[in-house]
Amino acid sequence: MKKILFCIFILTVTGVNAQTVRKYSNEFMNIGVDARAFGMANAMTSHTGDVNSTYWNPSGILKIKNSEASFMHASYFANIAQYDYLAYAQKIDSTSAWGASIIRFGVDNILNTTELIDANGQINYNRISTFSAADYGVTFSYARKTKIEGLQYGANAKVIRRIIGKFATSWGFGFDLGAQYNYKKWQFGAMFRDITTTYNIWNINEAEFQKIKDAQTQTPLQNQDLPESTEITLPKVQLGIARKFEFKNNLSLLASTNFNMQFERTNDIVSSKALSISPAVGFELGYNNLAFLRTGVGNFQNTLQIDGSKTVGFQPNLGLGFHYKGISIDYALTDLGNQSAALYSNVFSVKVDLSIFK
């Protein structure tokens with residue numbers, strides 16, 4: 001058990017080489033929010049226009065009427081990890097708006113067996129304790145219209161807090177920049193995540209680390225040094241285009257696409273040493289702004305098969321939504337890493353226009 005805990009601890013905290021880039025740093029901030037977005041394969045950059053724009057593109061919060069709040073909960077890895085999101089946004093005046101949101105991704109009640117064996121070499125189960133490994137992301141958003149008709153911009157200031165029980169903690173800070181442009185029936189959007197790179201500074205509890213290190217009596221000289229303390233998240237860019245089509249009988253169709261870019265080589269279907277691109281496409285069929293049916297395809301990746309051949313994998317998504325008198329309830333069937341029974345998970349979210357209570 002000590003070795004298992006040690007491995008979990010090392011995998012979570014190490015790789016933070018000083019002034020080097022972590023490929024998967026702060027990945028919990030890239031999962032996404034809102035069941036509506038999940039149902040559309042997260043193709044939201046260009047047309048997002050509610051409280052959830054604090055995540056997808058902060059310029060979109062200018063489209064809310066007064067003030068809105070949103071909540072989402074989802075489970076990962078057969079309910080081992082819990083993902084929660086809460087957001088609020090409000091208009092300041094006709095040309096500006098602000099918002100705030102918080103994300104928590106955590107695993108709770110992890111057994112800590114580092115003190116299972118007492119000083120006399122006896123196993124004492126009363127010495128087992130529990131701890132949580134949780135990541136928090138707090139975002140503050142501001143958006144403003146420009147003098148150019150149809151063009152608006154927004155920015156996020158992000159504070160990252162990561163806690164691994166009493167073993168290690170970190171603080172991180174970063175910024176996002178977004179813009180949207182509406183031209184006739186077309187909507188264009190751009191989102192620059194971690195535009196200045198996001199820095200995480202770790203503080204390791206050396207006394208607790210020593211307890212884990214001492215458990216490695218059978219594997220000397222392996223993982224015996226403290227991890228480095230600096231973690232850097234590279235910028236990412238998302239470009240989007242959307243258009244809404246109106247039909248007879250109060251029917252509408254929103255079609256949206258995203259081009260998600262990373263400045264490194266990945267398994268995306270378009271990949272080079274300097275840039276990798278993965279597209280996402282989403283559709284939302286609406287009736288009378290009351291009921292919605294959604295679908296989307298994204299996460300296109302080159303995958304290597306057992307026989308050595310390469311294929312292109314992708315992730316399909318489905319969703320439903322209902323909107324009535326300022327209250328929206330959305331559902332998505334999407335891949336959230338839940339391996340129990342199927343490869344898909346159920347996600348629910350609620351959004352409320354708070355002006356209905358006035």
Side-chain angles (χ1 to χ4, degrees), residues 11 15 21-48 55-56 72 74-81 83 103 105 107 135 189 191 193-194 233-242 254-285 293-320 330-349:
L11 288 173
V21 176
R22 290 284 313 271
K23 185 174 181 180
Y24 299 109
S25 172
N26 294 333
E27 277 299 296
F28 78 100
M29 292 294 289
N30 296 322
I31 295 172
V33 301
D34 181 27
R36 180 196 182 204
F38 284 130
M40 298 181 67
N42 294 344
M44 301 294 293
T45 304
S46 58
H47 64 87
T48 181
Y55 178 89
W56 294 111
M72 186 197 78
S75 297
Y76 271 59
F77 311 118
N79 296 321
I80 294 175
Y83 182 45
I103 290 174
F105 183 86
V107 179
D135 298 331
M191 180 64 170
R193 296 188 182 276
D194 304 297
T233 304
L234 283 175
K236 298 181 178 66
V237 177
Q238 295 170 321
L239 302 179
I241 305 173
L254 173 65
S256 178
T257 185
N258 257 32
F259 297 94
N260 305 311
M261 306 178 185
Q262 300 184 63
F263 299 99
E264 59 183 336
R265 186 183 296 276
T266 68
N267 289 328
D268 293 342
I269 57 172
V270 177
S271 183
S272 68
K273 186 176 181 180
L275 180 67
S276 298
I277 304 174
S278 177
V281 181
F283 299 93
E284 180 181 69
L285 179 65
L293 176 64
R294 305 179 181 110
T295 187
V297 182
N299 196 25
F300 289 88
Q301 299 283 303
N302 292 313
T303 58
L304 183 64
Q305 302 300 312
I306 297 177
D307 60 4
S309 62
K310 291 185 178 181
T311 61
V312 176
F314 58 89
Q315 178 185 319
N317 304 272
L318 294 172
L320 296 171
D330 297 297
Y331 162 79
L333 181 66
T334 186
D335 184 358
L336 288 181
N338 188 338
Q339 301 299 317
S340 60
L343 294 177
Y344 292 89
S345 292
N346 302 298
V347 182
F348 292 90
S349 63

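A distance-only check finds no donor-acceptor pair linking the side chain of Y331 to the backbone of N346 [under 3.5 Å]. With hydrogens and angles ignored, the 3.5 Å screen pairs no side-chain donor or acceptor of T257 with any backbone N or O of V281. Remark: side-chain polar atoms of W56 are not paired, donor with acceptor, to backbone N or O of N42 under 3.5 angstrom. Looking only at distances, no side-chain donor or acceptor of R294 sits under 3.5 Å from a matching main-chain atom of F283. N299 places no side-chain N or O within 3.5 Å of a backbone atom of F314 that could act as its donor or acceptor partner.
Note that CG of D194 and OG1 of T233 are 5.5 Å apart. Values are rounded to the nearest 0.5 Å. Atom CE of M44 sits about 4.5 Å away from atom CZ of R36, to the nearest 0.5 Å. Note that CE of M40 is 9.5 Å distant from CG of N258, once rounded to the nearest 0.5 Å. The distance from atom CD of Q262 to atom OG of S271, rounded to the nearest 0.5 Å, is 9.0 Å. Separating the CG atom in L275 from the CE atom in M261 is a distance of 6.5 Å, to the nearest 0.5 Å. If you take OG on S276 and CG on N302, they are separated by 9.5 Å, rounding to the nearest 0.5 Å.
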Inset, instruction - Take S278 and N260 through the test side-chain hydrogen bond (donor to acceptor under 3.5 Å, both in side chains) and record every step on the way to the result. - result: CA-CA 5 Å; S278 177; N260 305 311; 5.1 Å; no
Inset, instruction - Would you check, one step at a time, whether the test side-chain contact (heavy atoms from CB on, under 4.5 Å) holds for L234 with F263? - result: CA-CA 8 Å; L234 283 175; F263 299 99; 5.7 Å; no
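Residue F38 comes nearest to I31 through the heavy atom pair CE2-O, 3.5 Å, listed as atom of the first residue, atom of the second, then distance. For P279 against F300, the heavy-atom pair with the smallest separation is O-CD1, 3.3 Å. The two atoms that bring G282 and A43 nearest to each other are N-CB, 4.0 Å, heavy atoms only. Taking both residues in full, the closest heavy atoms of A35 and A332 are given as O-CB, 3.3 Å, listed atom of the first, atom of the second, then distance. What you find for A41 and G296 is that their closest heavy atoms are CB-C, 3.7 Å. Nearest approach of M29 to I103, heavy atoms of both residues: SD-CD1, 4.2 Å.
Under the 30°/60° scheme for interplanar angles, the aromatic rings of Y83 and Y76 are found to stand perpendicular.
Looking at heavy atoms from C-beta onward, V33 lies out of side-chain contact with S349 at the 4.5 angstrom threshold. Here the side chains of Q301 and D268 are in contact, with some heavy-atom distance below 4.5 Å.
Geometric assessment of R193 against the ring of Y55 yields a positive cation-pi assignment under the 6.0 Å and 45° thresholds.
Side-chain contact, T334 with N317: a donor N or O sits under 3.5 Å from an acceptor N or O.
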